[in-house]
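Note that these values count all heavy atoms, side chains included, but never hydrogens, waters or copies made by symmetry. Residue numbers run from 1 in the order of the sequence given.
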Amino acid sequence: MEVIQASKMDPRFRDEIADLVKNYDFTQCLACGMCTAGCPYSDIHEDQDPRKFLRKIALGLKEEAWNDPYIWYCTMCERCTIECPMGVNIPSIVRSMRGQMEPKGYLQTIAEEHKQSGNQMNVSQEDYEETLAWIEEELQAELDDPDYRIPLNKQGAKYFYGFNARDIKYYPQELQATLKLFYAADLDYTISTVRWDATNIALFTGKTDDFLAISMPLWEEVVRLGCEELIVTECGHAFRSMRWGYRTYWKGKEFKIRHILQLLNDLVKEGRLKLDPDAITEVVTYHDPCNTARKEGVWEEPRELIRSFIKNFVDMNPNGKMNYCCGAGGGGMAMPEFNEYRKAKGKRKVDQVVATGAEIVIVPCHNCIDQFNDLNKWYPEKAKSKNVHMCSLMERALILEKKNK
């Protein structure tokens, strides 16, 4: 073991980090190692030990702390935090330190493009509106309703739907399935053509100016259209960005923010969405995105929704608040230089899925589902199960009643 030299300790460094995170919670560290025991990846590869990282800060080892790869290896899933007896939030420290550094991979590129175009995929306004028009035409035919229209910029709609730019650029069928559910439930909602992407990569870069430049216009659009509630799509970091950012920075007119699975569960319980309990015959399991479940407390409603129409549901172990990160959190998908580490971490999730015997994995997060699809390529045992969003599975079971024109 390397000897720690007193000459390398800078007591002022702790104050620097404390100023970044706006509190001194890390000084309460007991050095007990519960954070490392709770991290599912601490033994996967080197420099993945939250306790060692935190001790470097507490001891004032400034140079070692700033150069620690852990800052970028950490998926910021907060599993270490819920295990800590003192509640030290290490991912918060990681994010704050990242904000003082040059981002890795494509993180900053994505942030810059989002600020310029209004969405993280850099989709042009023309392509956005053309895709919505295409989805509208598809739904007119599918629903046998030539009068169907996507409610764009509807003033006074109850719900404002914010989604992921991947739905426009890569997965328009996912958005189409969601809007079909909204149609079946007669939902009073709107989609904006001004600001619509709820994601925010600056959640992972730690750069507050970028974060506000990206999220603030969407919150303002919710208020401008007079909506009561912002519904966020199946995207963990979009949901976390909207909720955490709203609590931390928003000072305007108040409105509610909910995950789409919370809304859909209510619609099913109210009888506004009818699902065939015999439509899904496969064994199904559910992945809890860290940003949705552990950080924002949404894990019960999705399971209530699942049990309302799926007979063969087998939960992962552990699950809910204690579930494992998929291995691509903290912006990992946008840092290709760490793909091997992302692959190694994903094996823990593969083992979880395989143990359930699932043929279908519900993955209610765009970032997570991209990781899960990569896991299907990397691990033959995982390729035996299909990865889907909840809305797509619900569409399979949807009982669509003919509407009066």
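A salt bridge (charged side-chain N to carboxylate O under 4.0 Å, His left out) with Asp288 holds for exactly one of Arg303, Arg294, Lys321; it is Arg303. Between Phe204 and the options His237, Arg95, Lys104, a side chain to side chain contact (heavy atoms under 4.5 Å, CB included) holds for only His237. Evaluated for a ring pair (Phe, Tyr, Trp, His ring centres under 6.0 Å) with Tyr189, the options Phe160, Phe182, Tyr161, Tyr159 yield exactly one hit, Phe182.
In this structure, a donor-acceptor pair under 3.5 Å is absent between the side chains of Gln120 and Asp197. Side-chain atoms of Glu301 and Gln262 include a donor-acceptor pair closer than 3.5 Å. Under 3.5 Å, the side chains of Glu221 and Ser192 contain a donor-acceptor pair of N or O atoms. A side-chain N or O of Asn153 and one of Thr193 form a donor-acceptor pair less than 3.5 Å apart. Under 3.5 Å, the side chains of Glu129 and Gln125 contain a donor-acceptor pair of N or O atoms. Residues Glu138 and Gln173 bring no donor and acceptor atom of their side chains to less than 3.5 Å of each other. A side-chain N or O of Lys382 and one of Asn387 form a donor-acceptor pair less than 3.5 Å apart.
Under the rule for a ring pair (Phe, Tyr, Trp, His ring centres under 6.0 Å), the partners of Trp196 that lie at least two apart in sequence or sit in another chain are Tyr128, Phe163. Every residue two or more places apart in sequence or in another chain that forms a salt bridge (charged side-chain N to carboxylate O under 4.0 Å, His left out) with Glu282 is listed here: Arg396.
One finds the CG atom of Asn119 at 11.5 Å from the CG atom of Leu218 (value rounded to the nearest 0.5 Å). With rounding to the nearest 0.5 Å, the separation of CZ in Phe372 from SG in Cys326 is 6.5 Å.
Salt-bridge check for Glu220 with Arg224: failed, with every basic side-chain N at 4.0 Å or more from each acidic carboxylate O.
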Test Glu229 against Arg258 for side chain to side chain contact (heavy atoms under 4.5 Å, CB included), laying out the working first.
CA-CA 7 Å; Glu229 192 168 338; Arg258 279 198 298 165; 2.3 Å; yes
Under the side chain to side chain contact (heavy atoms under 4.5 Å, CB included) criterion, do Lys115 and Asp210 qualify, and how do the steps go?
CA-CA 8 Å; Lys115 289 190 293 182; Asp210 288 345; 2.7 Å; yes
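By the 30° and 60° cut-offs, the orientation of the rings of Tyr148 relative to Tyr183 is perpendicular.
Aromatic rings of Phe338 and Tyr73 (six-membered ring for Trp) have centroids within the 6.0 Å cut-off, being under it.
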